[in-house]
Amino acid sequence: MSDSKGPLTLDNGAPVADNQNSLTAGPNGPVLVDPVLFEKSAGFNRERIPERVVHAKGSGAYGTFTVTKDITKYTRAKIFSEVGKKTPMLARFSTVGGEKGSADTARDPRGFALKFYTEEGNWDLVGNNTPVFFVRDPLKFSDFIHTQKKDPRTNFGNNTPQWDFWSLCPESLHQVLILFSDRGTPVGYRHMNGYGSHTFSLINAKNERVYVKFHFKTEQGIKNFTVAEATRMAGVDPDFATRDLWESIDKKQFPRWKLYIQVMTEAEAEKRIEAFDLTKVWPHKEFPLIEVGVMELNQNATNYFQEIEQSAFSPAHVVPGIGFSPDKMLQGRMVSYADAHRYRVGSNYQLLPVNAPRCPMNNYNQDGLMQYQVRSGFPNYQPNSLGGPADVPSLAEPPLKLTGAAARYDPKQGRDPKADLYQQPGNLFRLFKADEQVRLAENLAASFAGVPERIFRKNLEHFRQIDPKLADLVEQRVPTMAKL
């Protein structure tokens, strides 16, 4: 063929004479030992890697982050070193609970994972389209996710587990209200905000620490599907969000998000119950948004599997000038994400081009499955006196003051339940317009279909603590919408 890209070969590079007909004993005979057939079959049987347990359905693209405001008073991270600086990046958006083949218009939080290829290494910011989450202790995470999956007995959906769990873990209520509001069904990925969600820290050139929250505000405007629209789109095009992102970039209609931070001092954090609690936000009046820069996605992947499915993000991947905090959920995810990638992709997943840093990477790790990076010129141990990579003491973070005896603490103990569990959900509910409150109540009511009445009543008690109006709106609609 005139447009051939060269001879067809096996994986070892040997050319293939015939890729249309198996090697047989005569035209009607059985298949013989055929290396072409066996290699194709073996490769086909191994094309899939385990899908993500959470965030399985997703899409992504490459882009650029550009600094627009100076925040060097807070951080020495070189990605923020000067106004106008550009850093290449990758974004992956996703739903959370559904399988890889599920509809990406379902009511669900959306993953918002970013990888910045900085000159100091890769910085991963792994968040969602919501500023809070359902739980604040990583010990509860896998149990919660089980409630979002199909019933293990029947292999289809069941509303009871989630409402049973939420009735017993009322710290979830803040995120529940967001999930069942209009923002639970965004119109694709371009029309939603993104949040680092966790509390992180920034460290400046004077080795001073502040705590921060990261906010990415969409410049396309917030748009959400109605329940009817989301349901219809799930049938018409279950890949709507994936298609919408790809086509907008292909048409050079590049989506953009503006990055802001909130800043809290260490002294302030000692007095605030929301400082490191993933179920709570920081009030904007007290901790205003500070503009930082703009993220633009402007290049589609050329191979989805290689660049998006194999992409791997971890909150543990930070760079000098960006650090962690006592946020319990953050610490749990710092361990679990990289562990999941080593299982799903392989122990050397960070050598894959999409995950590899674009700066020199030197350490004493070696071998393992699919290790292909050839390292020479220095020993494989430390300390050594043979010129191997050395520590950089100047990058040490300031000491983090910690107190308290080791024990399993329930954060609800010693706290006012109203302030701890219901105040922020109530504030959010009262921010909604009257028609938004009604739609929220309708969505909540419909989701109680098939749920035992005692579990519904327990949740209704929580709704009443949030705001009596919310409880009344839901209770009025449950008999017709959920048919308890």
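Just so it is clear, the values below take in all heavy atoms, side chains as well, and ignore hydrogens, waters and symmetry mates.
- With F93 as reference, L297 is the one residue of L297, T242, N129 to meet the side-chain contact (heavy atoms from CB on, under 4.5 Å) rule.
- For the pair V126 and S314, the minimum side-chain heavy-atom distance is 4.5 Å or more.
- Judged by distance alone, with hydrogens and angles left aside, the side-chain atoms of K223 form no donor-acceptor pair with the main-chain N or O of P186 at under 3.5 Å.
- Side-chain contact of R92 with H55: a donor-acceptor pair under 3.5 Å is absent, judged by distance alone.
- Taking the charged nitrogens against the carboxylate oxygens, E309 and R344 do have a contact shorter than 4.0 Å, which makes a salt bridge.
- Under the 4.0 Å criterion applied to side-chain N and carboxylate O atoms, E219 and R256 are assigned as salt-bridge partners.
- Listed by chain and number, the residues in a ring-ring contact (aromatic ring centres under 6.0 Å, His included) with F216 are F112 (sequence neighbours excluded).
- In this structure a side-chain-to-backbone donor-acceptor pair under 3.5 Å is missing from Q148 to I145.
- Judged purely by distance below 3.5 Å, without hydrogens or angles, the side chains of D327 and H198 pair a donor atom with an acceptor atom.
- In this structure, the ring-ring contact (aromatic ring centres under 6.0 Å, His included) partners of H215, at least two apart in sequence or on a different chain, are Y195, H284.
- Checked by atom type, the side-chain pair D151/N158 shows a donor-acceptor distance below 3.5 Å.
- Side-chain polar atoms of Y211 and Q262 form no donor-acceptor pair below 3.5 angstrom.
- Contact annotation: the side chain of W166 approaches that of Q162 to within less than 4.5 Å [non-hydrogen atoms, C-beta and beyond].
- Taking the side chain as every heavy atom from C-beta outward, K69 and V292 never approach each other to under 4.5 Å.
- Considering only heavy atoms from C-beta on, L440 stays 4.5 Å or farther from L473 through its side chain.
- Checked against ring-ring contact (aromatic ring centres under 6.0 Å, His included), Y260 has no partners two or more places apart in sequence or in another chain.
- Between K433 and D435 there is no salt bridge, since none of the side-chain N atoms of the basic residue sits less than 4.0 Å from a carboxylate O of the acidic one.
- Contact check on R457 versus E453 returns a salt bridge, with a Lys/Arg side-chain nitrogen under 4.0 Å from an Asp/Glu carboxylate oxygen.
- Screening W123, W257, F116 for a ring pair (Phe, Tyr, Trp, His ring centres under 6.0 Å) with F65, the sole residue that qualifies is F116.
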When you look at Q175 and T130, which way does the side-chain hydrogen bond (donor to acceptor under 3.5 Å, both in side chains) test go after all the steps? CA-CA 8 Å; Q175 177 78 321; T130 59; 3.1 Å; yes
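- To the nearest 0.5 Å, atom CZ of residue F287 and atom CD1 of residue I261 are 13.0 Å apart.
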For F134 and L278: C-alpha separation, side-chain torsions, deciding distance, then whether side chain to side chain contact (heavy atoms under 4.5 Å, CB included) applies. CA-CA 8 Å; F134 297 95; L278 187 56; over 6 Å; no
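- Contact check for I222 versus H191: no side-chain heavy atoms found under the 4.5 Å cut-off.
- Nearest heavy atoms, G321 versus T75: O-OG1, 2.8 Å.
- Taking the charged nitrogens against the carboxylate oxygens, E99 and K57 have no contact shorter than 4.0 Å, which rules out a salt bridge.
- Of the charged side-chain nitrogens involved, at least one lies within less than 4.0 Å of a carboxylate oxygen, so that R464 and D472 count as a salt-bridged pair.
- Ring orientation note: the planes of F456 and F448 are nearly perpendicular, at an angle over 60° on the 30°/60° scale.
- Between K85 and E119, at least one side-chain nitrogen of the basic residue sits less than 4.0 Å from a carboxylate oxygen of the acidic one, meeting the salt-bridge criterion.
- A distance of 11.5 Å separates OG in S325 from CG in L202, rounded to the nearest 0.5 Å.
- D182 places no side-chain N or O within 3.5 Å of a backbone atom of N224 that could act as its donor or acceptor partner.
- Using modelled atom types and a 3.5 Å distance limit, the side chains of R209 and N204 yield no donor-acceptor pair.
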For M89 and Y62, what are the C-alpha separation, side-chain angles and deciding distance, and is it a side chain to side chain contact (heavy atoms under 4.5 Å, CB included)? CA-CA 6 Å; M89 60 164 297; Y62 294 99; over 6 Å; no
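- Distance CE/M192 to CG/N128: 8.5 Å, rounded to 0.5 Å.
- A ring-centre distance under 6.0 Å is found for F144 and F165.
- Atom CZ of F463 is separated from atom NZ of K458 by 12.5 Å, given to the nearest 0.5 angstrom.
- Shown here for P170 and L421, the closest heavy-atom pair between the two residues is CG-CD1, 3.7 Å.
- Applying the side-chain hydrogen bond (donor to acceptor under 3.5 Å, both in side chains) rule to pairs touching residues 107-118 yields K115-D124, sequence neighbours excluded.
- When all heavy atoms of L245 and S59 are compared, the pair lying nearest together is CD2-OG, 3.8 Å.
- Taken to the nearest 0.5 Å, the OH atom of Y189 stands 4.5 Å off from the CG atom of D104.
- Checked against a 6.0 Å centroid threshold, the rings of F180 and W163 count as neighbours.
- Between S201 and I322, every side-chain heavy-atom pair lies at or beyond the 4.5 Å cut-off.
- Donor-acceptor pairing under 3.5 Å is recorded for the side chains of T68 and E291.
- Put simply, CD on E208 and CZ on R76 are 10.5 Å apart, with the number rounded to the nearest 0.5 Å.
- Counting heavy atoms from C-beta on, the side chains of T185 and T105 never come closer than 4.5 Å.
- Environment of CZ in R430: crowded, with over 12 heavy atoms of neighbouring residues, nucleotides or ligands closer than 6.0 Å.
- Between S248 and P255, the shortest heavy-atom contact is OG-CD, 4.1 Å.
- Within the structure, ring pair (Phe, Tyr, Trp, His ring centres under 6.0 Å) pairs that include any residue of residues 327-346 comprise H341-Y349 (at least two apart or interchain).
- Between K140 and E171 there is a salt bridge, with a side-chain nitrogen of the basic residue lying less than 4.0 Å from a carboxylate oxygen of the acidic one.
- Salt-bridge annotation for K412 and D420: absent, with no side-chain N of the basic residue lying under 4.0 Å from a carboxylate O of the acidic one.
- Taking a 6.0 Å sphere around CZ of R183, one finds it holds 12 or fewer heavy atoms contributed by other residues, nucleotides or ligands.
- One finds no salt bridge joining D277 and R272 here, because no Lys/Arg side-chain nitrogen approaches an Asp/Glu carboxylate oxygen to under 4.0 Å.
- No hydrogens or angles considered: nothing links the side chains of E436 and S181 as a donor-acceptor pair under 3.5 Å.
- For residues 155-169, no residue pair satisfies the salt bridge (charged side-chain N to carboxylate O under 4.0 Å, His left out) rule, not counting sequence neighbours.
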I290 and Y74: side chain to side chain contact (heavy atoms under 4.5 Å, CB included), yes or no, with the steps? CA-CA 11 Å; I290 300 170; Y74 299 120; 3.9 Å; yes
Step by step, would you call V176 with L444 a side chain to side chain contact (heavy atoms under 4.5 Å, CB included)? CA-CA 9 Å; V176 168; L444 287 168; 4.1 Å; yes
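- A 4.5 Å side-chain heavy-atom check between Q331 and P138 finds every atom pair outside the cut-off.
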